[in-house]
Amino acid sequence: MTNNSLPGRSPRPGTHPEIPEKHMHPNQPQPSADDFLMGGSGSPSAKFPAPGTTIGGVITEKPTVEQQRDIESGKPKHWSDGNPMMQLVVTVQTDQRDPSIDEDSGKRRIYVKGQMRQAVADAVRAAGARGLEVGGELHVTYSHDGKAKTYGFTPPKQYTARYVPAATTALHTPDPGMAPPVAQAPPAPTPQQQYAQPNPAVQALQQQQAAATAQAAHHPGGQTTPPF
């Protein structure tokens with residue numbers, strides 16, 4: 001039997017020397033545990049086809065950092081100095097449903113890079129948070145096109161973002177096990193409350209007037225000085 005492995009190298013344990021092992025890029029987006037188990041390829045990418053498009057929802061998975069890849073070749077991208085071009089991958093639960101995707105759950109991956117990274121960072125700071133977290137809400141909007149740095153190239157998309165921390169989201173989410181509170185009608189007034197209480201000053205004045213009237217009745221011919 002002929003050994004087709006490379007000279008000077010022994011085959012890795014668990015691999016057959018005549019069958020090439022499938023090469024996996026270390027920075028390739030990895031599917032979630034559920035997607036791996038059920039044979040899925042992960043959530044679809046969020047698409048921003050035109051200015052005004054907003055994609056967002058509750059973050060369902062812990063955001064990950066990975067190297068950007070060339071759209072055509074799939075090879076990892078690098079800066080001119082050789083450093084890898086990184087991006088943040090955020091999976092959110094949206095209300096979108098694509099008929100061409102079997103059992104579309106509505107989850108979308110937002111690839112945060114370039115100017116979008118600054119927009120998301122500003123949104124996190126504005127929310128008083130220290131970063132993105134599962135349970136928080138992230139909404140990204142393709143607002144307009146920027147200016148192309150090179151003539152003939154497509155202008156870069158510009159984005160705005162809004163973030164709501166998980167704690168704030170939980171406060172505004174009703175508990176499904178609790179019924180909404182029922183407004184209570186104010187209690188009916190008692191018979192005593194239906195009548196206004198007399199003013200003490202007016203009541204004292206009335207008593208003085210009554211006393212003066214009684215004194216005048218007992219001394220009809222005399223000069224009577226009212227007690228007030």
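All values below come from the heavy atoms of this structure, side chains included, with hydrogens, waters and symmetry mates left out.
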Rounded to the nearest 0.5 Å, what's the gap from [atom1] on [X] to [atom2] on [Y]? Could you check?
X      : Y      : atom1 : atom2 : value
Thr54  : His139 : OG1   : NE2   : 9.0 Å
Met86  : His78  : CE    : NE2   : 9.5 Å
Glu103 : Ile101 : CD    : CD1   : 12.0 Å
Arg108 : Gln96  : CZ    : CD    : 5.0 Å
Thr91  : Ile59  : OG1   : CD1   : 9.0 Å

Practice item. Answer yes or no: are there more than 12 heavy-atom neighbours, outside Arg97 itself, under 6.0 Å from its atom CZ? Key: yes
Review point. Should the heavy atoms of other residues, nucleotides or ligands under 6.0 Å from CG of Asp102 be counted, would the total exceed 12?
Key: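 No, not enclosed.
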Does any non-hydrogen side-chain atom of [Y] lie less than 4.5 Å from one of [X]?
X      : Y      : result
Pro44  : Asp98  : no
Leu132 : Leu88  : yes
Glu61  : Val89  : no
Gln87  : Arg117 : no
Glu66  : Tyr111 : yes
Asp145 : Lys157 : yes
Tyr163 : Glu133 : yes

Review point. According to the interplanar angle, ranging from 0 to 90°, do the rings of Tyr142 and Tyr159 count as parallel (below 30°), tilted (30 to 60°) or perpendicular (above 60°)?
Key: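 Judged by the thresholds at 30° and 60°, the geometry between Tyr142 and Tyr159 is tilted.
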Looking only at non-hydrogen atoms, find the nearest pair between [X] and [Y] and report the distance.
X      : Y      : answer
Gly146 : Pro155 : O-CB, 3.2 Å
Gly131 : Val124 : N-CG1, 3.5 Å
Val58  : Glu137 : CG2-CG, 3.7 Å
Pro76  : Gln67  : CB-NE2, 3.3 Å
Ser43  : Lys107 : OG-CB, 3.4 Å
Ala161 : Leu138 : CB-CD1, 4.5 Å

**Study point:** Working for side chain to side chain contact (heavy atoms under 4.5 Å, CB included), residues Arg162 and Thr160
**Key:** CA-CA 7 Å; Arg162 180 174 61 88; Thr160 60; over 6 Å; no
Review point. Should Ile71 and Phe48 be regarded as members of a common hydrophobic cluster, given that ILVMFWY residues are connected when their side-chain heavy atoms come within less than 4.5 Å of each other, either directly or indirectly?
Key: no
Review point. Shared ILVMFWY cluster between Val65 and Met85, side chains joined below 4.5 angstrom?
Key: no
Practice item. Spell out, as yes or no, whether a donor-acceptor pair under 3.5 Å connects the side chain of Thr94 to the backbone of Gly106. Key: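 Yes, because the side chain of Thr94 sits within donor-acceptor range (under 3.5 Å) of the backbone of Gly106.
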